[in-house]
Amino acid sequence: QVQLVESGGGLVQAGGSLRLSCAASGRSFSSTAMGWFRQAPGKEREFVAAISYSGTTTYYADSVKGRFTISRDNAKNTVFLQMNSLKPEDTAVYYCAKARGYYSGSAVEQYDYWGQGTQVTVSS
């Protein structure tokens, strides 16, 4: 059973930065792509970023491109989301997810394991 645990969320002012971490258990971490999603109050879950199994390919939602960076350290079974220039619109619960294949995109259906989420709140 694969388990994902997010951490690093918190309260920051607009323009600030946060680094989210996702620690994964199990032996398949390095074999699949990983993604980050977020869900704001009253809104549907939306895609944020994805990274290929080796970390060489990344994909971002237009709303975060240029501000967020996804990375991974397969030796430590960890995925990161560096968030810079944060905006109030970034406020949401952020979820880490493991994909089924080597590469993944924005579709929820491509992911088979999800973390519990970590709250990110950006104040004005």
Side-chain angles (χ1 to χ4, degrees):
Q1 183 77 6
V2 175
Q3 291 187 323
L4 306 173
V5 180
E6 303 95 333
S7 63
L11 174 63
V12 298
Q13 293 186 343
S17 299
L18 280 176
R19 191 192 195 201
L20 305 184
S21 297
C22 173
S25 65
R27 63 180 185 274
S28 300
F29 176 80
S30 63
S31 298
T32 71
M34 298 288 292
W36 285 97
F37 289 75
R38 66 186 183 187
Q39 186 166 198
K43 294 188 176 181
E44 295 184 356
R45 179 172 46 186
E46 67 173 350
F47 170 77
V48 176
I51 187 167
S52 64
Y53 73 106
S54 63
T56 59
T57 302
T58 57
Y59 173 51
Y60 299 93
D62 289 341
S63 60
V64 306
K65 194 169 186 177
R67 300 187 297 120
F68 291 10
T69 302
I70 186 171
S71 62
R72 67 191 299 164
D73 185 342
N74 287 345
K76 297 181 178 180
N77 288 353
T78 305
V79 178
F80 306 96
L81 184 67
Q82 178 66 47
M83 305 185 294
N84 299 326
S85 302
L86 283 163
K87 306 174 181 179
E89 306 92 272
D90 296 318
T91 295
V93 175
Y94 283 70
Y95 298 92
C96 174
K98 187 186 80 67
R100 293 185 178 89
Y102 289 145
Y103 301 90
S104 65
S106 61
V108 170
E109 292 75 17
Q110 294 178 309
Y111 302 84
D112 56 358
Y113 290 95
W114 297 80
Q116 85 291 342
T118 185
Q119 176 70 229
V120 172
T121 302
V122 185
S123 63
S124 300

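Bear in mind that the values here come from a model prediction, so they are computed numbers and not experimental data. In this chain, residues are counted from 1 in sequence order.
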Practice item. Mind running side-chain contact (heavy atoms from CB on, under 4.5 Å) on Asp112 and Lys98 for me, showing each step along the way? Key: CA-CA 6 Å; Asp112 56 358; Lys98 187 186 80 67; 3.3 Å; yes
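- In this structure, CZ on Arg38 lies 8.5 Å from CD on Glu89, to the nearest 0.5 angstrom.
- Scanning both residues, Thr32 and Arg100, for their nearest heavy atoms gives CG2-O, 3.9 Å.
- Side-chain N or O atoms of Thr78 include one that pairs as donor or acceptor with a backbone N or O of Lys76 at under 3.5 Å.
- In this structure a side-chain-to-backbone donor-acceptor pair under 3.5 Å is present from Gln110 to Gly105.
- Remark: side-chain polar atoms of Thr69 are not paired, donor with acceptor, to backbone N or O of Gln82 under 3.5 angstrom.
- Linking ILVMFWY side-chain heavy atoms closer than 4.5 Å, directly or via other members, places Val2 and Met34 in a single hydrophobic cluster.
- For the pairing with Phe37, the ring-ring contact (aromatic ring centres under 6.0 Å, His included) check across Tyr95, Tyr94, Tyr111 returns one residue only, Tyr111.
- Proximity of Trp114 to Gln3: side-chain heavy atoms (C-beta onward) are nowhere separated by under 4.5 Å.
- Rounding to the nearest 0.5 Å gives a distance of 13.0 Å between OG of Ser104 and OH of Tyr53.
- Here CG of Leu18 is found 8.5 Å from OG1 of Thr118. Values are rounded to the nearest 0.5 Å.
- Of all heavy-atom pairs between Ser54 and Asn74, the closest is CA-ND2, 4.4 Å.
- Residue Asn84 comes nearest to Ser17 through the heavy atom pair OD1-OG, 2.9 Å, listed as atom of the first residue, atom of the second, then distance.
- Placement of Leu20 and Tyr113 within a single hydrophobic cluster is found when ILVMFWY residues are connected by side-chain heavy-atom separations under 4.5 Å, directly or transitively.
- Across all non-hydrogen atoms, the minimal contact from Ala49 to Leu81 is CB-CD1, 4.3 Å.
- Between the CG atom in Asp90 and the OG atom in Ser63 there is a gap of 7.0 Å [rounded to 0.5 Å].
- Between atom CG of residue Asn77 and atom OG of residue Ser25 there is a gap of 8.5 Å, rounded to the nearest 0.5 Å.
- In this structure, Ser21 OG and Leu4 CG are separated by 12.5 Å, a value rounded to the nearest 0.5 Å.
- Annotation: side chain of Cys96 is in contact with side chain of Trp36 (closest heavy-atom distance under 4.5 Å).
- The main-chain N or O of Leu11 is never found under 3.5 Å from a side-chain atom of Thr121 such that the two would form a donor-acceptor pair.
- Proximity of the aromatic rings of Tyr103 and Tyr59 is defined here by a centroid distance below 6.0 angstrom, and this criterion is not met.
- Criterion: ILVMFWY side-chain heavy atoms under 4.5 Å apart, direct or through other members. Under it, Phe47 and Val108 are part of a common hydrophobic cluster.
- Looking at Arg67, its side chain does come within 3.5 Å of a backbone N or O of Ser85 through a donor-acceptor pair.
- Side-chain atoms of Glu6 and Gln116, non-hydrogen and from C-beta on, do get closer than 4.5 Å to each other.
- Side chains of Val79 and Ile70 form a contact here, defined as non-hydrogen atoms less than 4.5 Å apart.
- Put simply, Phe68 and Val12 are part of the same group of oily side chains (I, L, V, M, F, W, Y) that touch within less than 4.5 Å, one to the next.
- Neither Phe80 nor Met83 shares a network with the other; the hydrophobic side chains, linked directly or stepwise wherever heavy atoms of I, L, V, M, F, W or Y lie under 4.5 Å apart, form separate groups for each.
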